[in-house]
Amino acid sequence: MSSTICDRASFKLAEPGASYPTQPSGDRDGGLRLVEVLVDLPTRRVTTAEEETENLYTYGIPAHLDIEPGDILSVPFGSQQVGAIAIRLVSDLPPGLAPNRLRDVEDVTGRGFFPATYWQLLQRVSNYYQTPLIRTIRTSLPPGLLRRSQRRIRLIPEAVPPHAEQFLQPSAQTILRLLTQSGTGDYTWQYLQRQVKGGYRGLQDLLKRGWVESYLEPPSPPRPKLKQAITLVVDLPPRDLTPRQREVLESLRRRGGEMWVTELLQTCNTSSGLLKTLQEKGCVVLDEREVLRRDRGIPTAPDRPKSLTPHQESALEIVNHLSGFQRVLLHGVTGSGKTEVYLQAIAPILERGLSALVLVPEIGLTPQLTDRFRARFGDRVFVYHSALSEGERYDTWRNMTRGTPQVAIGTRSAIFAPLPNLGLIILDEEHDGSFKQDQPQPCYHARTVAIWRAELEDCPLILGSATPSLESWQEHRHTSDPHTHYLSLPERVFSRPQPPVEVVDMRRELRRGNRSIFSYSLQEAIGQLRDNNQQGILFIHRRGHSTFVSCRSCGYVVECPHCDVSLSYHHTHADAVPRLRCHYCNYSRDYPQRCPECDSPYFRHFGSGTQRVAQELQRTFPELRFIRFDSDTTRAKNAHRVLLTRFAHREADLLVGTQMLTKGLDLDSVGLVGIVSADGLLHLSDYRAGERAFQTLLQVAGRAGRGDDPGRVILQTYTPEHPVIQAVRNHAYEAFVEAELRQRSELNYPPSGRLILLRLSGADAGEVERTAENLALELQGAMGNSIGELLGPAPAPVMRVADRYRWQVLLKLPPSEAEIPPIFDSLGRGRPRSVRLTIDVDPLTLG
Ligand code: ADP
Ligand code: ZN
Ligand code: ZN
């Protein structure tokens, strides 16, 4: 609460529609001091972008207030007080707003939330991605930010004269009565306005008389959060423990003797009863500890900067001498030590009192990486991603605005982290598709936004990857721009060789009589893991068409009744009843014993999903310990960390998983990488399929041979002659990319052209189709034949998802930064309300 605020409030308040004795909104020259604000109205249920108006309103600035863009304000709106953000200072009234209708900002409730350039960035994102500003702001702010400060009204009993009611209008009387009757004499402004008809006027009256005061309740201080920790207190376990109890103690010891209870429970798959018993026996102590609501991870032993390899040295030399806006592509083969370069580039930034922003593709990858950052920079590391709780997000976000030198690590949306004093931005694994938001709008790419942000903050940007995107390769290799640099780390640290890639032709395997999903080579290699004291990774391509169920007699395929896709086979464990499931809408049904079409008993799945592989592993190698790492097993909070930690502690011989494990996993002990089938990746109907397959396979392969042993990669495929497979076998990044660039350029696909995908969906198939046709006509009419090329309308590759029909229109534009035709501002306005339109600028997939 602040007495200065309530003084002001009682001294000068805007009366809606009234004029002022002095010039409340004027400066000395008589010009208007106005501010455009974005009002945070309670979100209504909206189906189309236009219904969600910009909510941009103009208010007067009272003489006693100074307002800067980015301030959080309280403004009168209708009969309410609502939160708002100051966007722009202006001096002209918008056309259509009569001066006597102008209302004043009530107060500034929060300041200094945003760096000066922040709004320019959001505006640019909105413009480029064809999205109303309010939506971009919602994407960038932690949920509920504007609701954090509450305006309250408090009675000043000593100021109220006897029989005061007689002087008052009815609404003021009622408010006074409510306040007097309540124990504390204190209510929120909103509550009073809701309770009392004409409450706004009544409150103003009381404020003017000085009988009540208004104050701002600061955001409620986060309640300390307590969590149970467990600490090992004996060196040797007592004799009377069961083997299971010993095992749990041993697990705890291996992790440094101290853990959160929840994590120990998860890792050991044990019960809290067992932990209590261990406490009773005096082996451990359980106690409550306060946790700050930020993701701190597990305490890691501090580490020091490593002495660099010559390649790292020369890269760092250049990075450390960058000043202002400069762009660097750090192309380092897997295991070349890019992270070490990041760490040593960040250290001097922090010393200069600046902050660094590090973006990483997926949560699955962050634990290991963030541990490395924490080991180097300790408490100055903050992790920010959407999987945090609302409270954690708010606290972390708020802390960033304070401007203390820090390293913020996060996924895609962290590109909007409100760090003032930004000294460096890093995008690790910059080629990764998860940096692109598919929905909702803005469908932004964090790499594109990062370029703008670095430009606005005038700081360097480092894009790192072992397999740079074609976009980044082109921009850094085929350019004469002095602000872009290409740095390469062509060798692994200690000159370790890249692991040799052995391509196995699965057709030959079949001819040799091997019907297993594992080739003889792979079987032999898995069989040797234990003897070689090594671990292995088995990669399975998640999507594709390999898990569908079909009839060998008539070819019938079981499809989802709501989506145009085949159902996938799911079998969780040996005794469970197998089920079929839709990966789009989660519909499931039981597994038919016979073909529903022709009653043939030869009805089966051709799976190589993780489950199928897991079952086959169990059968072929009963002794082998393996961990499944896929979207089924990593759903729980922290599950990524727990599973990877178990693997790192060698509690399993093999990690079996999907895309998720292609990145960031850096373990010396991994000697074998098996790619069960590369084919699902190769044959996707998308112009980026080749690039994506190549990147994924090379990244997976790169997990092997990080220790002293060069390691072994076994790649199984039915099309060994495919150019992608050949390029992976030869680790031939450059040749592959240059060939791919030529092909793209012939067809005007990015990066030789720009794409805009208009996605339409709705429940009525005919209506969606007609709307798509109209939209295409509208576009054609507006563009003439001046620029670009219009493709479609066409049904989306998967035409129906969750009973919604999907059509799309694709626009090919020249590659330049040319403005998008203004037609987009009003595009599709006249369409039926039930048809949803998403504008995806620079789409990564055309599905
Ligand atoms: P990348 O990110 O390029 O795949 P990493 O940064 O993960 O590579 O480095 C691979 C491994 O090499 C890590 O275990 C890292 O600690 C180690 N490493 C990196 N640089 C050095 C160095 N200069 N000296 C010794 N070890 C290094
Ligand atoms: Zn059949
Ligand atoms: Zn479905």
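The structure presented is a predicted model; accordingly, all values stated were derived computationally and were not measured. Just so you know, ligand 1 is whichever comes first in the structure, and atom 1 is the first atom listed for that ligand.
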Trainee: Taking only heavy atoms of Ser307 into account, list the atoms of ligand 1 that are under 4.0 Å away from them.
Mentor: 22 (C), 23 (N), 24 (N)
Trainee: Quick one: list whatever passes side-chain contact (heavy atoms from CB on, under 4.5 Å) with Ala347, sequence neighbours left out.
Mentor: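 Expected list: Phe377.
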Trainee: Give the residue and atom name of whichever protein heavy atom lies nearest to atom 15 (C) of ligand 1, and the separation in Å to one decimal.
Mentor: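 Looking only at protein heavy atoms, the one closest to atom 15 (C) of ligand 1 is Arg372 NH2, 3.5 Å.
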Trainee: Among all the protein's non-hydrogen atoms, which is closest to atom 4 (O) of ligand 1, and how far away is it?
Mentor: Gly335 N, 2.8 Å
Trainee: Can you tell me which residue and heavy atom of the protein come closest to atom 20 (N) of ligand 1, and the distance to 0.1 Å?
Mentor: Gln312 NE2, 2.9 Å
Trainee: Can Arg492 be said to touch ligand 1, with heavy atoms closer than 4.0 Å?
Mentor: no
Trainee: I need the nearest protein heavy-atom contact for atom 12 (O) of ligand 1: residue, atom name and distance, please.
Mentor: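 Nearest neighbour among protein heavy atoms for atom 12 (O) of ligand 1, to 0.1 Å: Val493 CG2, 3.4 Å.
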Trainee: Among all the protein's non-hydrogen atoms, which is closest to atom 26 (N) of ligand 1, and how far away is it?
Mentor: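 Answer, as residue, atom name and distance: Lys306 CD, 3.4 Å.
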Trainee: Which residue owns the protein heavy atom closest to atom 11 (C) of ligand 1, what's the atom, and how far is it?
Mentor: Asp666 OD2, 3.7 Å
Trainee: So that I can tick it off, tell me whether Arg688 and Glu471 are bridged by a salt bridge, with the cut-off set at under 4.0 angstrom between side-chain N and carboxylate O.
Mentor: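 Arg688 and Glu471: salt-bridged.
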Trainee: Could you list the donor-acceptor pairs under 3.5 angstrom formed by side chains in residues 733-743, with sequence neighbours left out?
Mentor:
residue : atom : partner : partner atom : Å
Tyr733  : OH   : Pro468  : O            : 2.7
Glu738  : OE2  : Trp473  : NE1          : 3.0
Glu738  : OE2  : His478  : NE2          : 3.0

Trainee: Taking only non-hydrogen atoms of Ser336, do any sit less than 4.0 angstrom from ligand 1?
Mentor: yes
Trainee: Would you find a donor on one side and an acceptor on the other, under 3.5 Å apart, between the side chain of Asp481 and the backbone of His483?
Mentor: yes
Trainee: Looking at atom 2 (O) of ligand 1, what's its closest protein heavy atom, distance included?
Mentor: Thr339 OG1, 3.2 Å
Trainee: Determine, for Asp428 against Lys338, whether the closest basic-nitrogen to carboxylate-oxygen distance falls under 4.0 angstrom.
Mentor: no
Trainee: Any carboxylate oxygen within less than 4.0 angstrom of a Lys/Arg side-chain nitrogen, looking at Arg744 and Glu691?
Mentor: yes
Trainee: Give the residue and atom name of whichever protein heavy atom lies nearest to atom 8 (O) of ligand 1, and the separation in Å to one decimal.
Mentor: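 Protein heavy atom with the smallest distance to atom 8 (O) of ligand 1: Gly337 N, 3.0 Å.
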Trainee: By number and element, which atoms of ligand 1 are closer than 4.0 Å to a non-hydrogen atom of Thr309?
Mentor: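 So the answer, numbered in order with elements, is 23 (N).
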Trainee: Assess the pair Phe626 and Phe647: is the distance between their ring centroids shorter than 6.0 Å?
Mentor: no
